[in-house]
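Read the numbers this way: they start at 1 and go in the same order the structure lists the ligands and their atoms.
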Amino acid sequence: MSSTLERRVVTLGGARVGAGPAVVIAGRISLRARPVARPHDGPTDGWPPPGARDGLAGRVPLVEPAGAGDLPAVAARADGVVIGASWTRDIPLVRAAAALGLPVVVERRPSASLEEWLGLADYCAMEGGGEVILCETGRLDLGLLRAAREASGRPVVADVTGRPGLSAAAVAAGADGLVLGGLPAAPGGEGEDAYGMGVVDPEELRAAREAVTLVGALLRPETPATLPECREAIDRVDAALATLLERRAELAGVVQTLKPVGGFAGRDMERERSLVARMARRAPALGEERLAAVMNAVIEAGLHLAEERRRA
Ligand SMILES: O=C(O)C(=O)C[C@]1(C(=O)O)C=C[C@@H](O)C=C1
């Protein structure tokens with residue numbers, strides 16, 4: 001983020017995108033891939049009816065219209081309207097979609113330059129209510145995503161549908177959110193693809209949540225202002241700590257099998273002092289003395305685990 005540029009925040013279905021933690025936007029459908037309407041669905045605009053069996057309360061986070069005729073339904077049923085990568089040059093539709101007054105998610109046309117992408121975002125902001133999110137999609141140029149975030153001050157998200165392995169990289173590159181294609185899954189349920197639109201993939205959802213939690217905790221600057229926000233930020237840090245502590249315990253366990261004398265009997269206090277000193281350089285506020293107490297507990301937990309496993 002540029003120091004001179006004011007960062008804009010867009011509220012999408014209750015989530016603040018652009019400041020605070022990166023968010024997972026679990027649900028993006030395209031009415032260009034309109035499913036076949038079923039007779040028992042009753043009068044339909046091509047959408048799942050509200051309160052359908054898949055648990056949808058009738059709303060989808062992001063919807064890409066196929067044409068101007070879809071816009072009233074999009075306004076009624078979506079948290080944000082998507083300007084799809086394949087029709088960013090259909091200016092009449094772009095204009096009408098932006099004018100809905102919903103947050104507008106502007107995808108980058110494949111091979112579009114940064115200037116073209118940001119220009120379209122500015123145009124949508126002018127035509128609409130000003131709430132614009134940039135969305136990198138397709139092959140995901142994460143360098144461009146980062147540049148767009150810095151140059152525009154607008155929130156930038158990455159559509160990681162079908163690429164769960166890029167979730168962590170996208171958050172590391174600065175993405176303010178990860179978009180997952182499909183209908184939102186029923187709360188607590190695995191989701192049912194009753195309408196041929198596809199449901200958010202549970203594995204992709206898991207990968208995206210892991211990325212915003214773990215990579216977010218490590219790399220995303222945050223300045224939470226309220227008690228719940230602070231606690232949520234602490235929960236993310238604790239999740240990262242737990243992941244690292246588990247990994248550390250496994251490694252320390254291997255060390256015990258490699259040393260001539262392992263376990264508590266082979267404790268090496270010089271090594272412990274030096275690792276604490278190195279850590280204190282990264283955690284100067286905590287300092288060596290406090291870190292030594294923390295690391296003593298961590299190391300002893302690892303040694304107990306290793307001895308337990310050796311006896312088993
Ligand atoms: O490095 C070692 O020798 C270890 O056994 C690992 C470890 C650690 O957990 O980091 C554990 C006990 C030693 O006193 C020092 C370090």
Side-chain angles (χ1 to χ4, degrees), residues 1 20-24 140 142-143 145-146 158 160 163-178 202-312:
M1 168 180 160
V23 297
V24 177
L140 292 190
L142 296 179
L145 175 150
R146 193 175 180 86
V160 292
R163 295 174 186 77
L166 288 185
S167 293
V171 177
D176 297 294
L178 300 176
E203 266 311 297
E204 292 182 5
L205 184 57
R206 198 194 57 75
R209 286 183 173 152
E210 279 292 276
V212 301
T213 303
L214 301 184
V215 181
L218 279 173
L219 297 181
R220 198 175 165 85
E222 275 190 59
T223 44
T226 66
L227 178 63
E229 281 171 5
C230 266
R231 285 187 169 164
E232 280 172 23
I234 286 179
D235 288 348
R236 279 187 289 279
V237 170
D238 287 347
L241 273 177
T243 305
L244 292 176
L245 285 172
E246 184 83 347
R247 177 172 288 199
R248 190 187 195 289
E250 293 300 337
L251 291 169
V254 175
V255 174
Q256 305 321 309
T257 67
L258 297 174
K259 290 196 336 190
V261 181
F264 281 91
R267 207 154 171 184
D268 179 343
M269 299 317 286
E270 190 40 47
R271 164 75 182 156
E272 292 189 24
R273 263 189 296 280
S274 70
L275 71 82
V276 166
R278 268 196 307 280
M279 288 175 78
R281 277 181 235 138
R282 290 183 182 272
L286 280 173
E288 272 190 49
E289 202 179 319
R290 292 186 190 89
L291 277 174
V294 172
M295 291 314 294
N296 185 57
V298 168
I299 288 169
E300 290 194 352
L303 292 174
H304 281 299
L305 175 65
E307 296 213 338
E308 227 173 83
R309 283 183 169 170
R310 193 171 51 81
R311 281 195 297 272

Numbered atoms of ligand 1 (with element) below 4.0 Å of [X], judged on heavy atoms:
{"X": "Val255", "answer": "1 (O), 2 (C), 3 (O), 4 (C), 5 (O)"}
{"X": "Ala252", "answer": "9 (O)"}
{"X": "Lys259", "answer": "2 (C), 3 (O), 4 (C), 5 (O)"}
{"X": "Asp268", "answer": "13 (C), 14 (O), 15 (C)"}
{"X": "Arg267", "answer": "14 (O)"}

Does Arg231, at its CZ atom, have more than 12 non-hydrogen atoms belonging to other residues, nucleotides or ligands within less than 6.0 Å? no
Tell me, yes or no, whether the heavy-atom count around Arg209 atom CZ, taken from other residues, nucleotides or ligands under 6.0 Å, exceeds 12. no
Considering only non-hydrogen protein atoms, determine which one is nearest to atom 7 (C) of ligand 1 and report residue, atom name and distance to 0.1 Å.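 Atom 7 (C) of ligand 1 sits closest to the protein heavy atom Ile299 CG2, 4.4 Å.
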Nearest non-hydrogen protein atom to atom 13 (C) of ligand 1, with distance, is Glu272 OE2, 3.4 Å
SB check Arg206 Glu203 (cutoff 4.0 Å):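 Judged by the 4.0 Å cut-off on N to carboxylate O distance, Arg206 and Glu203 do form a salt bridge.
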Do side-chain atoms of Arg220 reach the backbone of Val215 as a donor and acceptor pair under 3.5 angstrom?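 A pair under 3.5 Å: no.
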Quick one: which of Arg271, Gln256, Met269, Arg248 has a heavy atom closest to atom 5 (O) of ligand 1? Gln256
Please determine which of Leu219, Leu178, Thr213 meets the side chain to side chain contact (heavy atoms under 4.5 Å, CB included) test together with Val171. Leu178
Where does Leu275 meet ligand 1, judged by heavy-atom distances below 4.0 Å: at the side chain, the backbone, both, or neither? side chain
The reported gap from CE in Met295 to CD in Glu288 (rounded to nearest 0.5 angstrom) is 12.5 Å
Validation row: Ile299, Arg248 side chains within 4.5 angstrom (heavy atoms): yes
